[in-house]
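Single-structure report; data block below.
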2 protein chains.
Amino acid sequence: MKKVMNQPEHIVSQMLDGMAQAYPERLRLLEETGVLVRRDAPVNGKVGLVSGGGSGHEPAHGGYVGKGMLDAAVAGEVFTSPTPDQILKAIQAVDSGEGVLCIVKNYTGDVLNFEMAAELAAAEGIQVEQVIVHDDVAVEDSTHTTGRRGIAGTVLVHKIAGAKAEQGASLKEVKEVVEETVSRVRSMGVALEPCTLPEAGQPSFTLGTDEIELGIGIHGEPGVARTEQLPAEALVKRLSGKVIGDLPFERGDRVAVLVNGMGSTPLMELHVVHRELIEILSENGLTPVQAWVGEYMTSLDMAGFSITLLKLNKELEQLLLSESDTPAFRV
Amino acid sequence: MKKVMNQPEHIVSQMLDGMAQAYPERLRLLEETGVLVRRDAPVNGKVGLVSGGGSGHEPAHGGYVGKGMLDAAVAGEVFTSPTPDQILKAIQAVDSGEGVLCIVKNYTGDVLNFEMAAELAAAEGIQVEQVIVHDDVAVEDSTHTTGRRGIAGTVLVHKIAGAKAEQGASLKEVKEVVEETVSRVRSMGVALEPCTLPEAGQPSFTLGTDEIELGIGIHGEPGVARTEQLPAEALVKRLSGKVIGDLPFERGDRVAVLVNGMGSTPLMELHVVHRELIEILSENGLTPVQAWVGEYMTSLDMAGFSITLLKLNKELEQLLLSESDTPAFRV
């Protein structure tokens with residue numbers, strides 16, 4: 001294993017230091033918590049937005065903290081849910097009295113710990129609501145999850161939630177638009193190479209030299225099929241076919257597009273994927289309104305990518321394209 | 001070799017299609033040329049700025065095309081200089097009558113072909129000037145270069161050039177500020193793993209399982225030393241020591257910082273690098289004014305990173321931090 005780090009047990013805290021130092025105008029790190037918050041949190045009169053999960057998915061979630069997006073991101077150890085205590089500190093830090101919405105990727109540990117934190121916060125008189133994102137169409141139930149997993153589509157959910165909250169909407173209104181978004185977003189991924197956890201030193205699974213895995217999760221949870229390598233065209237067709245057929249997306253839909261690298265797949269290849277996807281959208285009568293191509297929800301050094309489509313309506317489109325200011329997301 | 005692509009010989013043209021489709025408001029692709037230009041080029045009354053080189057360094061250079069940065073990026077095949085004819089087309093497309101400055105990374109093929117293109121353009125009555133970037137302090141002369149190589153520091157040069165041109169400065173004035181920037185920027189990189197060219201199918205060099213190479217170039221050109229893996233702290237100290245000592249940077253200097261991933265090194269690790277670097281800057285009495293941490297000048301799927309420091313003065317700082325709008329660079 002080759003990684004640029006000091007002691008593996010310090011990689012998360014040192015990474016968080018580095019992020020806070022890179023974006024001092026936007027972020028600050030709550031001491032000893034693993035929580036990055038908006039520099040100006042809590043924002044008066046605004047619903048607070050918290051997300052988070054295990055580390056290893058950078059820029060998620062700290063990269064999405066800032067005006068028009070999240071108020072706080074809670075980072076657990078690598079691929080490990082943050083503790084209820086960490087999450088509680090994030091909720092406390094961003095509550096301005098208008099309540100807090102937690103946006104949680106569907107993984108059993110995350111869901112449980114966010115729920116427990118919400119109860120602790122409620123006991124302190126903070127209003128907390130929670131929305132679970134489950135955009136991965138690949139499999140129902142998997143290693144760490146009951147139901148569908150939450151993956152890269154979560155980033156678009158963050159953006160829409162942030163825009164709505166920035167408008168001064170109530171907790172109930174923000175939650176409604178987030179639930180609407182979750183109901184319209186679908187993703188699926190593929191791994192070409194596994195990832196290696198810093199403390200493990202060995203890949204978390206293995207793939208043959210010509211083998212790829214379709215529908216894999218962002219921690220290497222098993223997907224739907226292993227196959228030999230496919231040309232980009234066939235590969236994107238296979239993933240997007242399942243994504244498009246699931247909602248289903250229909251002719252005439254306006255969609256947001258996210259082509260997400262899993263950590264070690266070069267931008268050159270992601271743009272080839274985007275080209276293929278645009279062609280398929282056109283064949284299906286879908287209009288891509290805006291695309292994001294890059295690393296948004298990674299899996300350490302895994303090679304591969306995921307495709308996300310979000311079916312827009314007028315309000316979601318306006319919210320998605322509105323101004324924001326975070327380290328890792330821009331329109 | 002695992003890559004997401006169709007036929008390897010089409011990867012560059014398909015990647016350019018994908019980029020142009022991802023950023024239709026900012027970019028357009030000149031048909032059959034490998035040239036991405038600002039959507040509104042040529043910009044009336046403004047000096048045109050052209051850069052480019054072999055592909056495989058994405059987001060360089062297409063990601064830096066837009067308001068306040070480049071007017072055109074010319075993409076050669078992977079790790080192959082663009083032809084004089086391609087470069088000429090870029091120059092023609094962005095000249096508004098105010099002349100064109102070409103910003104060229106120091107590689108022999110690039111320098112020769114940009115020079116030839118400048119001569120062809122001059123024969124058509126277009127004023128063209130050229131500045132060579134040679135920020136890599138690792139080695140003098142190397143496989144493809146006489147003198148020092150041009151690497152990630154080029155991105156900061158693009159930004160400053162673009163800001164100056166946007167102010168309506170003359171070709172002579174833009175060239176002067178670019179030369180000043182080049183004289184103040186220094187970089188050095190390290191590879192943990194080699195890269196694989198799409199058409200070759202095999203890594204371009206090899207490293208032992210515990211071996212890294214210091215001072216390597218962005219095409220895998222040999223560096224200054226191979227060593228066993230080092231902790232991030234020691235590694236960053238070694239690279240930054242050479243960078244700081246070279247100019248030299250001196251106590252009290254205000255600097256811009258670029259921590260650049262080589263293609264497959266996760267953002268988590270780059271932020272650990274950034275943390276170490278900030279500590280070293282502080283020990284040296286250097287003030288980091290702004291940092292960029294991410295993938296800016298990659299080398300296909302190479303693992304590793306480079307560190308760039310730019311010594312600012314009042315004008316350079318103001319130009320660097322001024323507004324711009326490109327796919328891959330923001331303040």
Side-chain angles (χ1 to χ4, degrees), chain A residues 2-7 10-12 14-19 21-23 55-56 58-59 63 78 190 192-193 198 207 209-210 212 229 231-233 235-236 257 259 263-278 288 291-295 298 300-301 303-305 328 330, chain B residues 2-7 10-12 14-19 21-23 55-56 58-59 63 78 190 192-193 198 207 209-210 212 229 231-233 235-236 257 259 263-278 288 291-295 298 300-301 303-305 328 330:
Chain A
K2 293 182 181 175
K3 287 193 188 291
V4 188
M5 61 180 178
N6 296 302
Q7 304 86 336
H10 295 155
I11 195 168
V12 171
Q14 296 188 339
M15 177 263 292
L16 292 169
D17 282 349
M19 280 194 79
Q21 289 163 339
Y23 309 104
S55 292
E58 292 70 29
V78 176
V190 58
L192 278 66
E193 297 288 359
L207 286 169
T209 53
D210 188 44
I212 63 175
Q229 282 199 77
E233 187 182 349
L235 184 53
V236 175
V257 174
V259 175
S264 68
T265 292
L267 194 53
M268 171 181 265
E269 298 174 38
L270 299 180
H271 277 301
V272 172
V273 169
H274 181 244
R275 174 186 183 275
E276 298 302 333
L277 182 56
I278 291 295
W292 288 267
V293 181
E295 294 186 336
T298 60
L300 294 168
D301 54 353
F305 65 92
R330 57 190 290 236
Chain B
K2 292 182 182 176
K3 287 193 187 291
V4 188
M5 60 180 178
N6 296 302
Q7 303 87 333
H10 294 154
I11 194 168
V12 171
Q14 296 188 338
M15 177 263 293
L16 292 170
D17 282 349
M19 281 193 79
Q21 287 163 340
Y23 309 105
S55 292
E58 293 68 31
V78 175
V190 57
L192 278 67
E193 296 288 359
L207 286 168
T209 53
D210 188 46
I212 64 175
Q229 282 198 74
E233 187 182 348
L235 184 52
V236 175
V257 174
V259 174
S264 69
T265 292
L267 193 52
M268 170 180 265
E269 299 173 37
L270 299 179
H271 277 301
V272 171
V273 169
H274 181 242
R275 175 186 182 274
E276 298 303 334
L277 183 55
I278 291 296
W292 287 266
V293 181
E295 295 186 334
T298 60
L300 294 168
D301 54 353
F305 66 92
R330 58 190 290 235

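Residue numbers begin at 1 in each chain, while the letters A, B, ... track the order of the sequences.
Residues satisfying the side-chain hydrogen bond (donor to acceptor under 3.5 Å, both in side chains) test with Glu295(B), not counting sequence neighbours, are none.
Counting only heavy atoms from C-beta outward, the side chains of Leu267(B) and Met19(A) never approach each other to under 4.5 Å. The closest side-chain heavy-atom distance from Asn6(A) to Val272(B) is below 4.5 Å. The shortest distance between side-chain heavy atoms of Leu207(A) and Lys2(B) falls below 4.5 Å. Put simply, the side chain of Val12(B) does not reach to within 4.5 Å of the side chain of Pro198(B), judged on heavy atoms.
Using a 4.5 Å cut-off between heavy atoms, Gln229(A) touches chain B through its side chain atoms alone. With a 4.5 angstrom heavy-atom cutoff, Thr298(B) does not touch chain A via any of its atoms. Only the side chain of Ile278(B) comes within contact range of chain A, judged by heavy atoms closer than 4.5 Å. Looking at Glu276(B), the atoms closer than 4.5 Å to chain A (heavy atoms on both sides) all sit in the side chain, from C-beta outward. Neither the backbone nor the side chain of Val257(B) has a heavy atom closer than 4.5 Å to any heavy atom of chain A. With a 4.5 Å cut-off on non-hydrogen atoms, Ala22(B) touches chain A through its backbone and its side chain both. Within the 4.5 angstrom heavy-atom criterion, only side-chain atoms of Val78(A), from C-beta onward, approach chain B.
Annotation: maximal heavy-atom pairing with chain A below 4.5 Å, among Gln14(B), Gln7(B), Met5(B), occurs at Gln14(B). Of the listed residues (Glu233(B), Glu193(B), Glu58(B), Arg330(B)), the one with the most heavy-atom contacts under 4.5 Å to chain A is Arg330(B). Options Thr209(B), Leu235(B), Val293(B), Val273(B) differ in how many heavy-atom pairs under 4.5 Å they form with chain A, and the most are formed by Thr209(B). Of all the listed residues (His271(B), Met15(B), His10(B)), the one sharing the greatest number of non-hydrogen pairs under 4.5 Å with chain A is His271(B).
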- request: Start with the C-alpha distance between Thr265(A) and Leu192(A), add both sets of side-chain angles, then the distance that settles side chain to side chain contact (heavy atoms under 4.5 Å, CB included), and finish with yes or no.
  value: CA-CA 9 Å; Thr265(A) 292; Leu192(A) 278 66; 5.5 Å; no
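Atom CG in Leu16(B) sits 11.0 Å away from atom CD in Gln21(B) (nearest 0.5 Å).
Met268(A) approaches Gly56(B) most closely through the heavy-atom pair CE-N, 3.7 Å.
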